[in-house]
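Below you'll find the structure, written out as structure tokens, and then a few comments.
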Number of protein chains: 2
Amino acid sequence: MSIRQAMLAILEQGPMYGYQLRAEFEQRTGETWPLNIGQVYTTLTRLERDGMVEVVESAAEDGSDRTHVSYRATESGRSEVSEWFATPVPRTQPPRDELAIKLAIAVTLPGVDVATIIQRQRSATMTSLQDYTRLKRTGRAANPEAPEDLAWSLVLDSLVFDAEAEVRWLDHCEARLRRAAADRPAASAHATPTATPETSDGVAR
Amino acid sequence: MSIRQAMLAILEQGPMYGYQLRAEFEQRTGETWPLNIGQVYTTLTRLERDGMVEVVESAAEDGSDRTHVSYRATESGRSEVSEWFATPVPRTQPPRDELAIKLAIAVTLPGVDVATIIQRQRSATMTSLQDYTRLKRTGRAANPEAPEDLAWSLVLDSLVFDAEAEVRWLDHCEARLRRAAADRPAASAHATPTATPETSDGVAR
DNA sequence: CGACACATGTAACACGTTACATGATTTG
DNA sequence: CAAATCATGTAACGTGTTACATGTGTCG
């Protein structure tokens with residue numbers, strides 16, 4: 001649902017055609033979320049159907065006489081954009097987190113080696129983190145003053161913050177599982193139920 | 001794509017029918033990611049088509065003579081699950097982050113009050129954080145020893161880590177924007193173009 | 001009995017990806 | 001000129017949500 005609004009928002013800069021829209025989007029987000037060109041056209045069609053944009057056949061501005069199928073945001077479109085900016089992204093129904101789902105299920109199944117899953121995941125994520133920092137050094141020399149480069153840089157930071165949070169969470173999970181295992185040591189290998197005393201957890205909460 | 005694997009993984013516990021699968025899933029993830037019952041059936045159909053599960057008409061175990069349409073994981077299904085657990089969730093194409101996209105575009109558009117967007121978002125996210133901690137206190141009395149409750153608790157922690165990372169990122173963005181504004185002070189309020197020396201145009205790019 | 005939860009589906013739609021078709025323009 | 005890139009689409013498929021239809025079991 002965010003592509004639609006993003007495209008509409010970019011149209012605030014003026015009428016554009018499909019390819020241009022994709023270029024503008026990717027310039028701001030880097031190679032992070034490549035935007036499928038097919039989807040650009042289908043989304044534009046739906047936006048037009050919903051009265052958010054209208055077609056403006058425009059000559060290419062580069063002098064050639066080629067015309068493109070450009071789109072311009074309508075009044076409705078512009079108001080949808082400002083509402084998008086004015087409303088915080090809700091956390092009521094966060095997108096499903098595959099890693100969280102995976103671990104949540106893993107800890108409930110017998111015979112699944114959760115510790116290994118965690119270690120592999122952390123190692124993969126830390127590799128990504130290194131890639132991100134490498135990207136930040138290499139990054140788009142250009143001029144860091146330009147808003148598009150600032151945008152891309154912020155997106156990159158967002159990925160870093162996210163990956164760091166994931167690593168922290170993995171450490172946290174590891175610790176909690178270790179404590180849980182310490183409380184009832186037999187449960188791992190040969191499945192001895194050990195009758196769990198009272199409620200004396202130690203798992204906190 | 002994660003629901004499919006999650007359902008398949010849960011079937012490792014033994015044959016189940018639609019409603020049961022949903023209940024097992026939601027018990028592990030709390031009310032975080034409610035699983036649509038319609039999707040359960042369509043996903044089961046596709047899993048069967050792909051040879052991952054097979055139907056086992058089973059009598060309900062609670063004594064009643066009612067039979068349910070239960071599914072059991074096949075050999076292929078089981079191997080897909082173990083591969084799922086063995087492979088880290090890749091960060092190569094992370095799911096699109098609506099907030100990051102929104103801010104990335106916002107900073108490149110003239111006349112958008114990014115500072116306000118950030119403040120509103122942070123305030124909304126911190127409210128969610130409070131809800132999470134309240135949930136952690138209230139949480140599912142039951143017994144925290146039970147693996148399902150541990151799972152749900154880890155998921156909740158994941159939400160917290162995520163929200164905290166978001167707040168940190170918002171602070172980070174705010175700081176960077178303040179620095180950028182300090183470097184070229186005129187750009188904010190009354191849209192004074194200040195003629196940006198060399199490349200002219202003001203629209204940049 | 002009537003309301004409600006359980007249980008199994010189907011249809012319609014939105015969104016997203018991959019792949020293909022078809023031209024025009026640019027460039028080695 | 002041939003190949004690559006730009007540009008605009010369409011078709012097929014997977015996934016996800018919402019809504020509807022239909023029937024069974026339970027409980028006040």
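For clarity, every value in this text was computed on a predicted model and none was experimentally measured. First the proteins, then the strands, lettered A, B, ... as listed; each starts at 1.
If you take CG of L44(B) and P of dG9(C), they are 9 Å apart, rounded to a whole angstrom. To the nearest angstrom, P of dA7(C) lies 12 Å from CD of E24(B). Per the geometry, OH belonging to Y19(A) stands 15 Å off P belonging to dT26(C), to the nearest Å. Look at CD1 on I3(B): it is 20 Å from P on dC15(C), rounded to the nearest Å. Here the P atom of nucleotide dA7(C) and the CG atom of L21(B) are 12 Å apart, to the nearest Å. Here the C1' atom of nucleotide dG14(D) and the CD atom of Q5(B) are 13 Å apart, to the nearest Å. We find that NE2 of H68(B) is positioned 13 Å from C1' of dG23(D), with the value rounded to whole Å. The distance between atom CZ of R96(A) and atom P of dG14(D), rounded to the nearest whole Å, is 19 Å.
Between F161(B) and H172(A), the ring-plane angle classifies as tilted under the 30° and 60° cut-offs.
Ranked by how close their nearest DNA chain D nucleotide is to the 5' end, R46(B) and I37(B) are led by R46(B).
Listed by residue number, the members of residues 77-86 of chain B with any heavy atom below 4.0 angstrom from DNA chain C form an empty set.
Minimum atom distance to the side chain of V69(B) is reached by dG9(C), of the listed dT8(D), dA7(C), dG9(C). With distances taken from any side-chain atom of Y71(A) to the nucleotides dT15(D), dG9(C), dG9(D), the minimum falls on dG9(D). In the set dT18(D), dT18(C), dA7(D), the nucleotide with an atom closest to the side chain of N36(B) is dT18(D). Ranking dC6(C), dT15(D), dC15(C) by closeness to the R4(B) side chain, first place goes to dT15(D). Closest approach to the Y41(A) side chain among dT17(D), dG9(C), dG9(D) is made by dG9(D) (side chain taken as heavy atoms from C-beta onward). Checking dG16(C), dA7(D), dA7(C) against every side-chain atom of Q39(A), the shortest atom distance belongs to dG16(C).
With Y19(A) as the aromatic partner, R22(A) meets the cation-pi criteria of under 6.0 angstrom to the ring centre and within 45 degrees of the ring axis.
Between Y17(B) and dT8(C) there is no side-chain polar atom (N or O) within less than 4.0 angstrom of OP1 or OP2.
If you check every strand for non-hydrogen atoms under 4.0 Å, R22(B) touches nothing.
Dense packing is recorded around CZ of R78(A), with more than 12 heavy atoms of other residues, nucleotides or ligands lying under 6.0 Å away. Within 6.0 Å of CZ in R120(B) there are 12 or fewer heavy atoms belonging to other residues, nucleotides or ligands.
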- Could you check E80(B) against R4(B) for salt bridge (charged side-chain N to carboxylate O under 4.0 Å, His left out), going step by step and ending with a plain yes or no? CA-CA 11 Å; E80(B) 187 165 307; R4(B) 182 186 156 102; 3.7 Å; yes

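In this model, a donor atom of one side chain and an acceptor atom of the other lie less than 3.5 Å apart for E166(A) and Q121(A).
Listed for the W169(A) side chain is no donor-acceptor partner under 3.5 Å among the backbone atoms of A100(A).
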